Every structure is written in C-alpha cells, then in structure tokens.
Amino acid sequence: MIKRLKFLSTLCCLSLLLTGCSSSTKKEDKTIELNISAAASLKEAMADLEAAYTSKNPEVSFVINYGSSGSLQQQIEQGAPCDLFISAGEKQMTALEEEGLLLDGTNKDLVKNSLVLVTSNDSEISSIDSLNSDAVSKIALGEPSSVPAGKYADETLTSLAIKDSLNNKLVFAKDVKEVLAWTASGNADAGFVYLSDALSSDGVKIVETISEEYHSPITYPVAIIKDSDDIDAAKAFEDFLFTDEAQEIFEKYGYKSVE
C-alpha cells in the first residue's frame, strides 16, 4: 500500500512537471502578429525593416498591407485589422486623428521623400518642359484625391501653370507603383513618382527632381491605431523606426530623415 502511494505521488509530480514544461514551451512559442498598413511606395524599404526587426525579435511576425494612403485610410475607418499605419501624406493621418482612431501621442513624422519625373530608359524626354511636346501623349500620376504622390504632382503642374495645357494627357493610377509600371513599360510616356520608387526600378530613369517650392512638403507620418490588438508590440516597432539602424535603411532607399 505504501509503495503504491509513493508510486502515485511520483506520477503526480511528474505530471505537474510535464504540465509546467508544456506551459513554458507554449509561452516561449507564443508569437506576436503585427498588422501594418503602409503606403505602396514603402514596399522595398519595409522588406528590409521587417528583416532587421525580426532578426532581433523573432517572436514578432508581420502582415503588411500596401496600397495608396487614401485607400488604407478608408480601410482603417471601416475597421480593417491594423496595428500601425504609415502614410505617404499628412492628410490621411490627420483625418484618422480627427476621427479619434489613433492612439494619443503616437502620430509622428517619420521620414521625408522627393517627387521626381521619370520616363522609360529609351525616352528622349529631357525635362518637365518637354511634357508639352506633341511627342508626349500620356503622363501618369496617382489619383490626387487618394494618392499623395498624385496630389503633389497635381500641385506641381498647377504651380508651373501647365496643368490646363496637359489635362488631356493625364492618366491616373491607383498608386505610385502602378505609375512606375506604366512608365517603365512605355504605356505612359512619363510619370510622377517618389525618388524612392525611381531608385528601386531599373526600368525608368529620373528626368527631373521637382523642387519643393512647387508642392506641399512630402512627409510620411506614422501612428498606432487605437484599436490595436497589441499596443505594446506596436509601440516597440514604432520606436524601432526612429532608431539609427532603421533610418539608415530608409536613407538607402532615397528617404530623408525628418529634422
């Protein structure tokens, strides 16, 4: 009887020990999934940022949704899963803040970009003045109401007083990546994209960098969504984006730090 009790006691101890190990293993295996909504122009930089972050934080995985900033704004407003939003324009982020959808104190300017005019590599277009030439029939830009790069391009054409003369040549894309694709393929004779986009493509050449005096400042804000499923993890990633390591990655892709 005593031997049996000792045996049962041993079994109980082993059971508790195994349960503890199992719980510990489960805890260690727990992963954190961050849903990021990011402007389409950030795709290349985000791939490097994700790799750099997960190499030091293997418990974190990313689901990144790319699109025009206006489309992403609408998705967030409609309740799409999102922990952190990086917009290519202030307008979209301001709208979300005014609607009370952002976590207080997390809306910050992250990086800056430049607007450039690009053509296919074999094009003879030499400057923005060439757009009025009869040889140019299609000029691509993002839809100004939803694509910040399109808004900056529209402001540029208006500032230079050439928008009216080019109206019948303008074709509108859903985001800057589509503008880039149309221009590289020759479906558009020229296109307005960000410097970061142009540097990521072998299919286009930069004809002209647009002076900042002709358009609004090109700033990318970042913020955490108030309904985030893991605010602490989102905050940690947002903090990482401002580190020297992350800023160097942005710089590699043509972005500038915010002074």
Side-chain angles (χ1 to χ4, degrees), residues 26-113 142 146-149 174-177 194 196-197 200 218-253 255 257-258:
K26 286 181 180 178
K27 188 174 182 180
E28 289 175 2
D29 290 343
K30 182 183 177 184
T31 58
I32 298 168
E33 185 177 271
L34 283 178
N35 283 280
I36 310 292
S37 290
S41 53
L42 286 160
K43 191 169 186 178
E44 290 76 22
M46 283 299 297
D48 280 9
L49 290 164
E50 178 181 359
Y53 192 74
T54 55
S55 68
K56 297 177 181 177
N57 302 274
E59 76 283 2
V60 179
S61 64
F62 290 83
V63 175
I64 305 178
N65 178 28
Y66 296 105
S68 70
S69 298
S71 297
L72 296 174
Q73 172 201 336
Q74 291 179 353
Q75 291 171 20
I76 292 169
E77 289 170 336
Q78 293 165 7
C82 181
D83 297 297
L84 182 142
F85 176 37
I86 310 176
S87 174
E90 298 282 357
K91 174 185 174 184
Q92 292 75 23
M93 195 68 80
T94 298
L96 293 177
E97 186 160 48
E98 290 176 347
E99 293 169 34
L101 297 178
L102 304 182
L103 188 67
D104 289 345
T106 64
N107 183 1
K108 306 170 185 177
D109 289 339
L110 179 58
V111 288
K112 297 190 295 184
N113 211 335
S146 61
V147 183
K174 70 178 185 298
D175 56 43
V176 286
K177 294 302 183 187
Y194 294 121
S196 57
D197 296 298
S200 73
I218 302 176
T219 304
Y220 284 56
V222 59
I224 296 169
I225 304 305
K226 185 180 289 185
D227 289 339
S228 166
D229 288 333
D230 200 323
I231 286 176
D232 289 340
K235 281 183 176 179
F237 182 63
E238 183 182 50
D239 289 343
F240 166 75
L241 294 176
F242 289 91
T243 63
D244 290 342
E245 180 183 4
Q247 289 293 310
E248 285 173 8
I249 291 173
F250 281 121
E251 185 177 348
K252 170 185 170 183
Y253 287 96
Y255 297 91
S257 61
V258 176

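All of these numbers come straight from a predicted model, not from anything done at the bench. Each residue takes its place number in the sequence, starting with 1.
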Short question: side chain of [X], backbone of [Y] - any donor-acceptor pair under 3.5 Å?
X	Y	value
S228	I225	no
Q247	L241	yes
S69	A88	yes

Selection residues 65-91 - residue pairs positive for salt bridge (charged side-chain N to carboxylate O under 4.0 Å, His left out), sequence neighbours left out
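Sorted pair list comes back empty.
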Step by step, work out the side chain to side chain contact (heavy atoms under 4.5 Å, CB included) result for L34 and L84.
CA-CA 8 Å; L34 283 178; L84 182 142; over 6 Å; no
Looking only at heavy atoms, what is the nearest atom pair of [X] and [Y], with distance?
X	Y	result
A40	Y66	CA-CB, 4.3 Å
F240	L49	CE2-O, 3.8 Å
S196	S41	OG-O, 4.0 Å

Qualifying residue for side chain to side chain contact (heavy atoms under 4.5 Å, CB included) with F85, from I76, I36, V222, N35
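The residue from I76, I36, V222, N35 that satisfies side chain to side chain contact (heavy atoms under 4.5 Å, CB included) with F85 turns out to be I76.
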Side chain to side chain contact (heavy atoms under 4.5 Å, CB included) between N57 and I32, worked out:
CA-CA 10 Å; N57 302 274; I32 298 168; over 6 Å; no
Separation of [Y] [atom2] from [X] [atom1] (nearest 0.5 Å):
X	Y	atom1	atom2	result
L42	D197	CG	CG	9.0 Å
K174	S146	NZ	OG	11.0 Å
S87	Q92	OG	CD	4.5 Å

With Y255 via ring pair (Phe, Tyr, Trp, His ring centres under 6.0 Å) - residues at least two apart:
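Ring pair (Phe, Tyr, Trp, His ring centres under 6.0 Å) check on Y255 returns Y220, F250.
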Expected list for residues 97-110: side-chain donor-acceptor pairs under 3.5 angstrom, two or more places apart:
residue, atom, partner, partner atom, Å
E97, OE1, N107, ND2, 3.1
T106, OG1, L103, O, 2.7
T106, OG1, I224, N, 3.1

Which atom pairs, donor and acceptor, lie under 3.5 Å between side-chain atoms of residues 230-239 and protein residues at least two apart or in another chain?
residue, atom, partner, partner atom, Å
D230, OD1, A233, N, 3.1

Pairwise side-chain hydrogen bond (donor to acceptor under 3.5 Å, both in side chains) hits with a residue in residues 43-56, at least two apart
E44-K177, D48-K252, D48-Y253, K56-E245
Please enumerate all residues that pass side chain to side chain contact (heavy atoms under 4.5 Å, CB included) together with K112, with sequence neighbours excluded.
T219, K256, V258
